[in-house]
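Written below as structure tokens is the structure these notes are about.
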Amino acid sequence: MADFKLHCFAQSGNAYKVAMMLDLCGADWEPVFVDYFGGATRGTEFREGISELGEVPVLEHDGQRLSQSGVILDYLAGQLGRFGAETEAERREIWRWILFDNHKFTSYFATHRWLRHLAEPKGHPEVIAFLAARARGALATAEKRLSARPFIVGDRPTIADISMAGYMFYPVEETGFDLDREFPAVAAWADRLSELPGWRAPYEAMPNGLVPA
Ligand SMILES: N[C@@H](CCC(=O)N[C@@H](CS)C(=O)NCC(=O)O)C(=O)O
């Protein structure tokens with residue numbers, strides 16, 4: 001049995017943050033497919049048996065069950081000794097960006113992708129336009145930051161990068177954002193992350209929720 005079990009599906013960039021961390025750390029892990037599109041996260045079995053929050057990712061390790069990608073990344077950085085903070089100031093800086101990611105960067109980008117590409121029926125055009133504008137604003141913040149340094153906190157990748165990159169590797173047909181054209185520093189940063197040893201793309205790392213095995 002693998003050391004780590006990750007409840008996930010490939011369309012979830014939030015789950016991908018954890019899959020990416022496990023891959024980059026060379027951890028022994030296996031995915032547990034969650035049939036999100038079949039309603040699993042809204043069902044009693046998941047909410048009472050896996051997570052009351054009704055969301056992936058959920059990580060099982062050592063008799064524990066953890067949820068919220070930021071908390072899981074922090075836990076894994078401690079367990080696996082990679083991509084964590086080296087000083088207290090760096091720890092605060094990492095959390096500043098993980099919170100920004102959860103509130104503005106991932107959340108608008110992911111909800112925009114969801115409503116334009118995955119939801120049935122698709123979202124109202126005005127709602128999609130609102131979310132695109134909010135996502136573009138958060139991307140502009142990251143673009144400025146990454147124009148001046150290779151990674152979010154400085155010279156080396158940390159869990160802040162892994163958190164923020166959760167949705168950066170889905171195709172433009174899904175996201176509606178051509179990062180190379182609109183946000184070249186963000187695109188170059190995502191390329192740098194994808195060159196790290198062990199990296200796999202979301203659809204390679206996790207089971208596809210629309211084509212269950
Ligand atoms: N802040 C959470 C967000 C998790 C989240 O939004 N997960 C989505 C998939 S990407 C989910 O499982 N949603 C279930 C639902 O809405 O029923 C995290 O970072 O873990």
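Order of listing sets the numbers, starting from 1, for every ligand and every atom in it. Just so it is clear, the structure is predicted and the values come from calculations on it, not from any experiment.
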What is the nearest protein non-hydrogen atom to [atom], stated with its residue, atom name and distance?
{"atom": "atom 14 (C) of ligand 1", "answer": "G54 O, 3.2 Å"}
{"atom": "atom 16 (O) of ligand 1", "answer": "Y36 CE1, 4.1 Å"}
{"atom": "atom 20 (O) of ligand 1", "answer": "S69 N, 2.9 Å"}
{"atom": "atom 6 (O) of ligand 1", "answer": "N14 ND2, 3.5 Å"}
{"atom": "atom 7 (N) of ligand 1", "answer": "V56 O, 2.8 Å"}
{"atom": "atom 9 (C) of ligand 1", "answer": "S12 OG, 3.7 Å"}

Go through ligand 1 atom by atom and flag the ones less than 4.0 Å from a non-hydrogen atom of [X].
{"X": "Q68", "result": "1 (N), 2 (C), 18 (C), 19 (O), 20 (O)"}
{"X": "N102", "result": "1 (N), 19 (O)"}
{"X": "T41", "result": "14 (C), 15 (C), 17 (O)"}

Review point. Between F177 and F183, what is the ring plane arrangement, given parallel below 30°, perpendicular above 60°, and tilted in between?
Key: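 Answer is tilted, since the angle falls between 30° and 60°.
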
Practice item. Hey, can you tell me if F37 and F9 have their rings parallel, tilted or perpendicular (30° and 60° cut-offs)? Key: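 Taking F9 first and then F37, their aromatic rings stand perpendicular (interplane angle over 60°).
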
**Study point:** Derivation of the ring-ring contact (aromatic ring centres under 6.0 Å, His included) call for Y167 and Y16
**Key:** CA-CA 8 Å; Y167 282 82; Y16 177 59; 8.8 Å; no

Exercise for review: Quick one: pull up CZ in R65 and CD1 in I50 and give me the separation to the nearest 0.5 Å.
Suggested key: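 Reported value, rounded in 0.5 Å steps: 4.5 Å.
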
Point to revise | C8 side, atom SG; E30 side, atom CD - distance, nearest 0.5 Å | key: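 Here the interatomic distance stands at 10.0 Å.
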
**Study point:** Which segment of Q11 sits under 4.0 Å of ligand 1 when only heavy atoms are counted
**Key:**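 Within the 4.0 Å criterion, Q11 makes no contact with ligand 1.
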
Review point. Taking non-hydrogen atoms only, is Y16 closer than 4.0 angstrom to ligand 1 via side chain, backbone, both or neither?
Key: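 Neither part.
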
Review point. Could R42 and Y36 be counted as a cation-pi pair, given that NZ or CZ must be under 6.0 Å from the ring centre and within 45° of the axis?
Key: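 Output yes; distance and angle both within limits.
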
Exercise for review: Look at ligand 1 and say whether Y167 reaches it with a heavy atom at a distance under 4.0 Å.
Suggested key: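 Checking ligand 1 against Y167, which is what was asked, there is a heavy-atom contact under 4.0 Å.
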
Check your understanding: Measuring from the heavy atoms of G70, does anything fall under 4.0 Å of ligand 1?
Key ->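 Heavy atoms of G70 never come under 4.0 Å of ligand 1.
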
**Study point:** Electrostatic pair R192:D161 at N-O distance under 4.0 angstrom
**Key:**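 Salt bridge between R192 and D161, a charged N being under 4.0 Å from a carboxylate O: no.
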
Review point. So, are E182 and R136 salt-bridged, with charged N and O less than 4.0 Å apart?
Key: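 A salt bridge is present here (some side-chain N lies under 4.0 Å from a carboxylate O).
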
**Study point:** Test item: side-chain donor near acceptor, K17 and T106, under 3.5 Å
**Key:**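 Yes.
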
